[in-house]
Number of protein chains: 2
Amino acid sequence: MTRRAVGVRREEILTATVEEIGRRGFPQTRVADVARAVDVSTALVLYHFGTKQALLAAALDHAVGRDLDRLAAVLARTGSAAQRLRRILDLYAPQGAAPGWTLWVDAWAEALRNPELRTHCRTLDRRWTEAIRETIVAGVAAGEFRCADPEGAARRITALLDGLSVQATVHRRLGRRRLTEWIREYAASQLGTDAAALS
Amino acid sequence: MTRRAVGVRREEILTATVEEIGRRGFPQTRVADVARAVDVSTALVLYHFGTKQALLAAALDHAVGRDLDRLAAVLARTGSAAQRLRRILDLYAPQGAAPGWTLWVDAWAEALRNPELRTHCRTLDRRWTEAIRETIVAGVAAGEFRCADPEGAARRITALLDGLSVQATVHRRLGRRRLTEWIREYAASQLGTDAAALS
DNA sequence: GCTCATACTGACTGGCGAGTCAGCAAGGAG
DNA sequence: CTCCTTGCTGACTCGCCAGTCAGTATGAGC
């Protein structure tokens with residue numbers, strides 16, 4: 001086994017763990033699965049993270065961080081409020097084979113009982129709605145949107161996106177095309193624009 | 001141990017299993033938990049259901065059936081389309097301490113990997129949207145609603161309800177009051193009425 | 001090239017949980 | 001009452017998996 005610096009190994013393990021959770025689900029992910037994926041001993045994984053619980057929590061944290069980084073990158077780009085909102089929505093919607101979304105659905109289920117994970121999920125949710133809210137506020141200030149309740153609108157848009165994503169990833173009953181179409185229509189109606197402004 | 005007829009025992013066990021899944025989550029529910037809840041031996045549970053997998057599947061089926069029965073009861077009642085729609089939405093929204101919704105979130109996560117459970121979840125979802133769709137169609141025919149795409153509207157309403165329910169039960173970020181308010185507003189906007197018609 | 005901190009492992013343990021099985025007894029049929 | 005079906009159990013097995021530990025070896029720093 002080639003030795004690695006702690007930081008590097010941890011990163012490697014966390015990435016693999018996230019992937020493994022996406023594949024198997026939260027409670028079904030075994031330390032041995034992760035170890036095999038990284039091609040190290042199970043003892044090493046426990047050496048770095050102590051317990052399985054801690055490993056899973058760290059992995060979720062890692063995934064949350066990665067998503068928030070992407071979000072920050074989108075927010076940093078310039079453009080009209082409508083353009084930025086559009087990018088946020090695109091980022092959030094389930095991608096092709098979407099290992100991301102299966103992770104979140106799993107995380108929700110887990111968060112129902114595990115307060116630590118709930119905190120992570122809630123943080124992520126809050127940041128997304130916050131990003132949408134800010135964009136709406138900016139759009140209202142710029143005269144692009146009309147919206148009396150940006151906070152509420154942001155949360156409703158997020159909720160619809162969550163619900164449609166469940167239909168897409170869990171029930172496999174909805175394609176990405178129609179999903180984005182519906183979301184844009186709803187967002188547009190909430191913001192007093194037309195859907196075309198968001199495409 | 002008092003002996004029971006097969007049907008009775010199965011029913012008893014299934015009810016307990018549903019409750020236990022709601023409490024612990026799908027994969028964390030042990031046969032022994034169910035057995036203790038019914039106050040029988042684990043061997044008896046396996047005697048009736050063969051394997052844990054089969055038990056869990058049967059339990060979900062049971063829960064689905066119960067929910068669909070309630071739905072059928074609501075549909076059977078008379079009244080305007082708006083009144084019936086309102087009742088459907090009320091039934092679907094998370095109740096107080098909502099053991100029902102935690103079960104569904106769990107079931108979604110499980111359905112991501114287990115095709116048998118996916119079928120159950122999908123059936124339930126389909127029936128709900130179908131009920132909403134029918135009510136919309138009836139309302140349109142009666143001149144109560146205006147809606148060009150009842151199927152789509154039904155699915156969007158369901159999706160928003162799912163998403164808001166996640167915010168309520170998972171993130172604990174939304175009360176029932178505001179949830180129903182938002183849903184009614186959305187439904188009303190989709191159907192060309194005002195929210196007051198749905199309260 | 002030596003040293004030493006530390007990344008890493010193999011081999012183990014202990015407990016837990018699904019599923020089995022041989023037999024027991026309740027209670028309806030006759 | 002007496003069978004005999006069948007609902008039911010205790011006590012078991014067997015495999016799995018998180019976590020431990022004593023020890024190995026790698027490679028950065030000198």
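Proteins get letters first, then strands, A, B, ... in listed order; numbering begins at 1 in each.
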Give the rounded distance in Å between these two atoms: [atom1] of [X] and [atom2] of [N].
X       : N      : atom1 : atom2 : answer
B:Asp39 : D:dG7  : CG    : C1'   : 15 Å
A:Ile13 : C:dA7  : CD1   : P     : 11 Å
A:Arg9  : D:dT26 : CZ    : C1'   : 12 Å
B:Arg4  : C:dG28 : CZ    : P     : 13 Å
A:Tyr47 : C:dT9  : OH    : C1'   : 12 Å
B:Phe49 : C:dA18 : CZ    : P     : 15 Å
A:His48 : C:dC8  : NE2   : C1'   : 8 Å
B:Gln28 : C:dC16 : CD    : P     : 16 Å

**OP:** Could you check A:Arg178 against A:Leu164 for side-chain contact (heavy atoms from CB on, under 4.5 Å), going step by step and ending with a plain yes or no?
**Re:** CA-CA 10 Å; A:Arg178 215 190 299 179; A:Leu164 291 175; over 6 Å; no
Original post:
In B/S/- notation, 5' to 3', how is nucleotides 12-25 of chain D contacted by protein heavy atoms closer than 4.0 Å?
Top reply: -----SSSB----B
Original post:
If you look only at pairs with a residue in residues 14-25 of chain A, which of them pass as a salt bridge (Lys or Arg N to Asp or Glu O under 4.0 Å), with sequence neighbours excluded?
Top reply: A:Glu19-A:Arg23, A:Glu20-A:Arg23, A:Glu20-A:Arg24, A:Arg24-A:Asp33
Subject >> Residue pairs involving residues 53-74 of chain B (criterion salt bridge (Lys or Arg N to Asp or Glu O under 4.0 Å); sequence neighbours excluded) >> reply: B:Asp67-B:Arg70
Which pair of heavy atoms, one from [X] and one from [Y], lies closest together, and at what distance?
X        : Y        : value
A:Val64  : A:Trp104 : CG2-CH2, 3.6 Å
B:Glu116 : B:Ala57  : OE2-CB, 3.5 Å
A:Arg127 : A:Leu71  : O-CD2, 4.0 Å

**OP:** Mind listing the residues from residues 109-118 of chain A sitting with a heavy atom below 4.0 Å of DNA chain C? Number order is fine.
**Re:** none
Original post:
Which residue pairs pass the ring-ring contact (aromatic ring centres under 6.0 Å, His included) test when at least one of the two sits in residues 110-161 of chain B, sequence neighbours left out?
Top reply: B:Tyr92-B:Trp128
Subject >> All side chain to side chain contact (heavy atoms under 4.5 Å, CB included) counterparts of B:Arg173, not counting sequence neighbours >> reply: A:Asp125, A:Arg126, A:Thr129, A:Glu151, A:Arg155, B:His171
Original post:
Less than 4.0 Å between a side-chain N and a carboxylate O, is that true for A:Arg113 and B:Asp106?
Top reply: yes
